[in-house]
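I have placed the structure first, in the form of C-alpha cells, so that the comments after it can refer back to it.
Starting from 1, each residue takes its place in the sequence as its number.
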Amino acid sequence: MAVLLHRLGRSAYRHRKLVLGIWLAVLAALITCAAVFGGKLDDRFTVPGTESQRALDTLGKTLPEASGADAQIVFTAPEGHHITEAPYTAAIAGTEAAVTKAPQVSAVMGPAASGAVSADRSTAIVQVQYSVQRAEVRPSSLDAIERAAEAAEKNGLKTSVGGSAYGSNGVHIGPSEIIGVAVALLVLVVTFGSLLAAGMSLLPALLGVAVGLAGLLALTPAVSISSTAVTLALMLGLAVGIDYALFILSRHRQQLARGSAPQESIALANGTAGSAVVFAGSTVIIALAALSVIGIPFLTVMGLGAAGAVLVAVLAAITLLPAVAGFAGTRLTPKPGSKTPQQATDPDGSTGRTTLGVGWVKTVVAKPLLTVLGVAGVLIALALPAADLRLALPDNGSAPVASSERKAYDTVDDKFGPGFNGPLLVLTETESRSGAQAGAQAASALRDLKGVKAVLPPQPTHDPGQTVIQVIPETGPDSAHTDRLVHDIRSAAPGIRETTGASLAVTGTTAVNIDVSNRLSDSLLPFMAIVVGLSLILLTMVFRSLVIPLKAAVGFLLSVAASLGVVVALFQWGWLADALGLAHTGPVVSFLPIILIGVLFGLAMDYEVFLVSGMREEWVHTGRARRSVIDGARHSVRVVTAAALIMFVVFAGFFPLDDALIKPIAFALAVGVALDAFAVRMTLVPAVLALAGRYAWWLPAWLDRLLPDLDVEGTRLQTAPEEKHKEPARVS
C-alpha cells in the first residue's frame, strides 16, 4: 500500500492542475445533479419485520389516514373563561373548516366529535390527519394549518400547533459551525506556525466535504436520506478531512525542513502518513458501514452516508492534498526556528527538543503505575452513570422551548396527561367479514390493562374484518412504563384472540419508536463485540504485538463507557442541563451509543496508529523500551494533539443546534474524542507501554508468520528508497 500511495502522491504532484480540475468538475456535476434531480429528505423511522411496522404497512392500504402523519391544534381559553363558551366554540369550528381545505389533509376531528376537552374546560384539541408520512407533508400544508390557528387568536384564544407532522428541520449551518471551523484553522496555524500551511490543510478538507454532501443530496431521488444523515456526514467529513490533511502535511513539512525536494517529500509523506490515513479511514468506514447489518433503514443510510463522507475525505487527503502542495512548492518549507520538529539533542541524549507534549509523556512514563491507576479510576467513575442508560427516540418534547410544537406538547401534557402525546394504535383483524364486534370486545379487554388511561371506540377500516383502537397510556411516549404497556398488550394478545377471535398488533409512531429503540438496544453488545474484535485483529497485524491491541481495546472500551456516562449525566439526569441550555432531559437518543462506538472506534485507531507507530520505529532502531516511548511520542504527540483539538471543536460546533437528534450526538463525539485522545492515547498508552517494557513489542513467531504485513507506516520506503518501487514494505 505504501508503494502505491507513494506513486499516487508523486503523480498528483506532477499533474496538479488535472487533479484539481477533476475534483472541481466532480463537485460541479454533483451540485448540478442535486439541484436538478434532488428530492426531499426523509426522516421516517421504520423497522422492517417488526409487528408495529407490519401493522402500519397494513393500515397504509386499508386506512391511510391512520398510518400517516398527524397535526394538533391546541386551543387555550383566556384565564377565567371556558373553552366551551360560544365565541370560542365558533372560532374553533371556523378553524376546523379552514383546515379541512388545507392541502393533503385527509380528516379533521374537532373537540365536539372527539371529546378532546380538558377536565378544567380551559383547553381543547383539533386533530388533523394526513394520509402521507411526515417526510411527504408539504410546507404549504403546515403553513395553511398555522394560518388557520392564528385566525382563532383574534377571538382571544391562545393557539399552538404540533403533532408528528413536525420534527427535525434538517441541516442548518449557523455561527457555531463557522466558529468551529475558524477555531480549527487557528489550531492549524498554531501547529504549523504558518497561515499558508494551515490553509493548505483546510482547503482539501472543505472541498472533500462539499463533494461528499453534494453526492449524498444527489441520491435523494433514489434513496431515502434523512436530515440527520446529512448532518452526521457533514460533521464527520469535516473533522476527519482536516485531521487527515494535517497528518500528511505535517510529515511533508518535516521532510522539507530536512532538505527533501518538494515532489519526493510529498510522495514519501503520502506513502507513510498517507498509509496510516488510509488504514485509519478504512476502520471508520468499516465500523460505520457495519451499521447496516442492524436492519433499520434510517440507521443504514446514516452509516453509509457518513462512511461515504469519510471515504471522500480519505481520497481528498491522498490525491488533492499532494496536488495542492504542488502549487505551493517550497513555500511550505518551515522557516528556521518554527515549531516543526528539528533534529537537536536533549541533555539526556535523545533527539529532538522537549515540547509541552513530550514533557507530559516523560511525566507519565516516570510514574506509570500511578498513571494507569489514576486514569482508569477517573474513566470508570465517569462511566458509572452509563449503568442507568435508557434509550428512546426524541419527540416534540425535545423541541426548542420557544417552538410551537413544544408549546403544544407541553400544553397537552399538562391539561390532558402525557399519554395524549404518544397514543398507541391497536389493529384488530378477524377472518370473518365483520370485525366490529370483535374490535369492541378487544377494546373492552384493553381497558383493564395496567397503565391504560383511556381507550377510544374502535374505528373501522376499508377492510370489514379490521378495526383500529386508539389506546391512551398514562405515561409519555419516552417513558419506560409506556414501553412496558406495549409489551403487556402484545403479551395479552393471544388471550384476547381466544376470547374475541381477533388478532391484535400494536403500532403507531410511539410503538414504532419503541421497537427501533429495543432493536438498537439488542444490537449494542454484538456490535461492540464486532468492533472490539476487529480492533484486536487489525492492531495485531499493524504492530506485531499482543499487548498493544489488548491495551487499545481496553482503552477504547473505557473511552466509550466514560462518554456514555457523561451523556447520561447531562441528557438523562439533567446535570448542568440549565447551564448548557438543554430544552429537555430524558432517555438518550436510541442510536447514539452505536454511532458513538462506530465513530470513536475509527478515531481511536487513528490516534493509536499515529502515536504508537513512532514509538515502534524507535524501538526497532534502538531496542530501548522506555526511551522509545518518549522519543517516539516526540514525532507525533504535537500532531495528534492538534488533530484531537480540531475534532473536538468541529463536533462541539454542532452542539448548539436545536435538533434533538444532532445535539446529543455532537456532544457525545466531542467528549469521546477528548477523553480518548488525551486521557487514553496521550496518557494511558505511554504508561502501559512503559510498564510492559520490551514485552509490549512481543509477538509469538508462529503468529508473526501467519499474519499479513500491512506496512501502515511505510518503513521500507524510508529505510530503502531505492527498493520502494519493487516490493511492498514491511513494518518490522
Side-chain angles (χ1 to χ4, degrees), residues 1 5 204-205 208-209 211-213 215-216 229-248 273-294 299-318 527-528 530-539 541-542 552-553 555-557 559-560 563 591-611 613 640 643-644 646-648 650-651 654 665-666 668-670 672-673 675-677 680-681 710 712:
M1 180 167 66
L5 290 174
V209 165
V211 169
L213 290 187
L216 196 58
V230 175
T231 308
L232 183 64
L234 170 62
M235 191 161 44
L236 278 180
L238 186 59
V240 301
I242 297 174
D243 269 14
Y244 293 163
L246 166 65
F247 288 134
I248 296 175
S275 295
V277 163
V278 171
F279 172 77
S282 298
T283 60
V284 182
I285 292 168
I286 291 170
L288 290 171
L291 297 176
S292 59
V293 304
I294 296 172
L299 194 61
T300 297
V301 171
M302 279 184 64
L304 294 179
V310 174
L311 175 61
V312 173
V314 172
L315 293 175
I318 62 176
F527 184 73
M528 176 78 83
I530 292 172
V531 167
V532 171
L534 182 63
S535 69
L536 290 172
I537 294 171
L538 291 176
L539 289 177
M541 289 190 294
V542 171
F556 167 68
L557 291 174
S559 298
V560 169
S563 303
F591 50 82
L592 182 150
I594 283 183
I595 291 290
L596 177 65
I597 291 169
V599 174
L600 200 57
F601 165 68
L603 301 184
M605 297 281 281
D606 193 343
Y607 300 145
E608 184 80 13
V609 168
F610 278 96
L611 192 62
S613 59
V640 170
I646 289 169
M647 284 275 189
F648 177 82
V650 170
F651 290 147
F654 286 82
I665 292 176
L669 291 177
V673 165
L675 289 176
D676 191 83
V680 176
R681 308 303 152 189
L710 298 181
V712 167

*Taking C-beta and beyond as the side chain, do V277 and D243 meet within less than 4.5 Å on heavy atoms?*
no

_A side-chain contact here means heavy atoms from C-beta on lying under 4.5 Å apart; do L234 and F654 qualify?_
yes

Which pair of non-hydrogen atoms, one from [X] and one from [Y], has the smallest distance, and what is that distance?
X: I248; Y: A317; answer: CD1-O, 3.5 Å
X: L536; Y: A553; answer: CD2-CB, 3.8 Å
X: S292; Y: A289; answer: OG-O, 2.7 Å
X: V314; Y: G281; answer: CG2-CA, 3.9 Å
X: L539; Y: A552; answer: CD1-CB, 3.2 Å
X: L596; Y: S563; answer: CD2-CB, 3.8 Å

When rounded to the nearest 0.5 angstrom, what is the spacing between [atom1] in [X] and [atom2] in [Y]?
X: T231; Y: I665; atom1: OG1; atom2: CD1; value: 9.0 Å
X: I537; Y: L534; atom1: CD1; atom2: CG; value: 6.5 Å
X: M302; Y: L291; atom1: CE; atom2: CG; value: 8.0 Å
X: L304; Y: I285; atom1: CG; atom2: CD1; value: 11.0 Å
X: F610; Y: F279; atom1: CZ; atom2: CZ; value: 10.5 Å
X: L603; Y: F651; atom1: CG; atom2: CZ; value: 5.5 Å

_Non-neighbouring partners of D676 that pass salt bridge (Lys or Arg N to Asp or Glu O under 4.0 Å), sequence neighbours left out_ = R681

*May I ask you to decide if the ring planes of F556 and F601 are parallel, tilted or perpendicular, using 30° and 60° as cut-offs?*
perpendicular

*In this structure, which one of T283, V240, L315, V599 forms a side chain to side chain contact (heavy atoms under 4.5 Å, CB included) with V310?*
V240

